[in-house]
Amino acid sequence: LAARRTVQVLKLEIVREEAHAPWSTVDARTEDSTPVRIKCEVDGFKTKVSFAAGESKSDDTLAWARRLKAEFEKNVGFQGN
């Protein structure tokens, strides 16, 4: 839910969502078609969340990954539709 809400708040286009017992991903696209992904993995009592943007490392893609992380952290406790 927090990953989906993060993508919606940042006004990104969701292109794929996948959820399984130990992990889930939300793949989206920025306005200029840069791919972004939020992946959540659960291992016992730990949850690892990774944020990726673009297909190569650049200042723009690193900035998108930081924006995803910051917005996700705001939305972790969000309850709603």
Side-chain angles (χ1 to χ4, degrees):
L1 183 60
R4 186 181 311 122
R5 178 77 181 139
T6 297
V7 169
Q8 291 170 340
V9 167
L10 294 174
K11 295 182 172 49
L12 303 175
E13 175 189 355
I14 295 176
V15 294
R16 184 171 158 210
E17 291 183 82
E18 201 170 341
H20 301 278
W23 61 271
S24 64
T25 60
V26 175
D27 293 323
R29 212 176 295 214
T30 65
E31 207 171 75
D32 67 354
S33 295
T34 300
V36 299
R37 170 177 277 184
I38 300 175
K39 182 172 184 175
C40 303
E41 299 174 85
V42 177
D43 182 17
F45 293 105
K46 295 180 183 179
T47 301
K48 176 184 173 185
V49 182
S50 57
F51 307 91
E55 296 184 11
S56 61
K57 203 175 204 179
S58 72
D59 289 341
D60 289 338
T61 58
L62 290 173
W64 265 112
R66 284 191 292 270
R67 285 180 72 191
L68 289 167
K69 181 178 187 291
E71 190 60 42
F72 180 87
E73 288 173 346
K74 287 184 203 175
N75 287 297
V76 166
F78 178 80
Q79 297 295 317
N81 295 330

**Q.** T25 vs R16, side chain to side chain contact (heavy atoms under 4.5 Å, CB included): CA-CA, chis, key distance, verdict
**A.** CA-CA 8 Å; T25 60; R16 184 171 158 210; 5.7 Å; no

Q: Please name all residues satisfying salt bridge (charged side-chain N to carboxylate O under 4.0 Å, His left out) with R37, sequence neighbours left out, ordered by chain then number.
A: D27

What is the distance from atom [atom1] of [X] to atom [atom2] of [Y], rounded to the nearest 0.5 Å?
| X | Y | atom1 | atom2 | value |
| --- | --- | --- | --- | --- |
| T61 | R66 | OG1 | CZ | 9.0 Å |
| K69 | I38 | NZ | CD1 | 12.0 Å |
| E13 | E31 | CD | CD | 11.0 Å |
| K39 | S24 | NZ | OG | 9.5 Å |

Q.
To check you understand the geometry: which heavy-atom pair defines the closest contact between A3 and F72, and what is its length?
A.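 Nearest heavy atoms, A3 then F72: N-CE1, 3.7 Å.
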
Q) Can you name the residues that form a side chain to side chain contact (heavy atoms under 4.5 Å, CB included) with T30, not counting sequence neighbours? A)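 Checked T30 against side chain to side chain contact (heavy atoms under 4.5 Å, CB included); matches are L12, D32, T34, V36, W64.
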
Taking [Y] as the starting point, is it possible to reach [X] by hopping between hydrophobic residues whose side chains are less than 4.5 Å apart?
| X | Y | answer |
| --- | --- | --- |
| F51 | W23 | no |
| V9 | V26 | no |
| V76 | L68 | yes |

(Q) Quick one, K48 and D43 - any side-chain contact, counting heavy atoms below 4.5 Å? (A)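 No, too far: nothing below the 4.5 Å cut-off.
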
Q: May I ask you to check whether over 12 heavy atoms, not counting those of E18, lie within 6.0 Å of atom CD?
A: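 Counting neighbours around CD of E18, more than 12 heavy atoms of other residues, nucleotides or ligands fall under 6.0 Å, so yes.
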
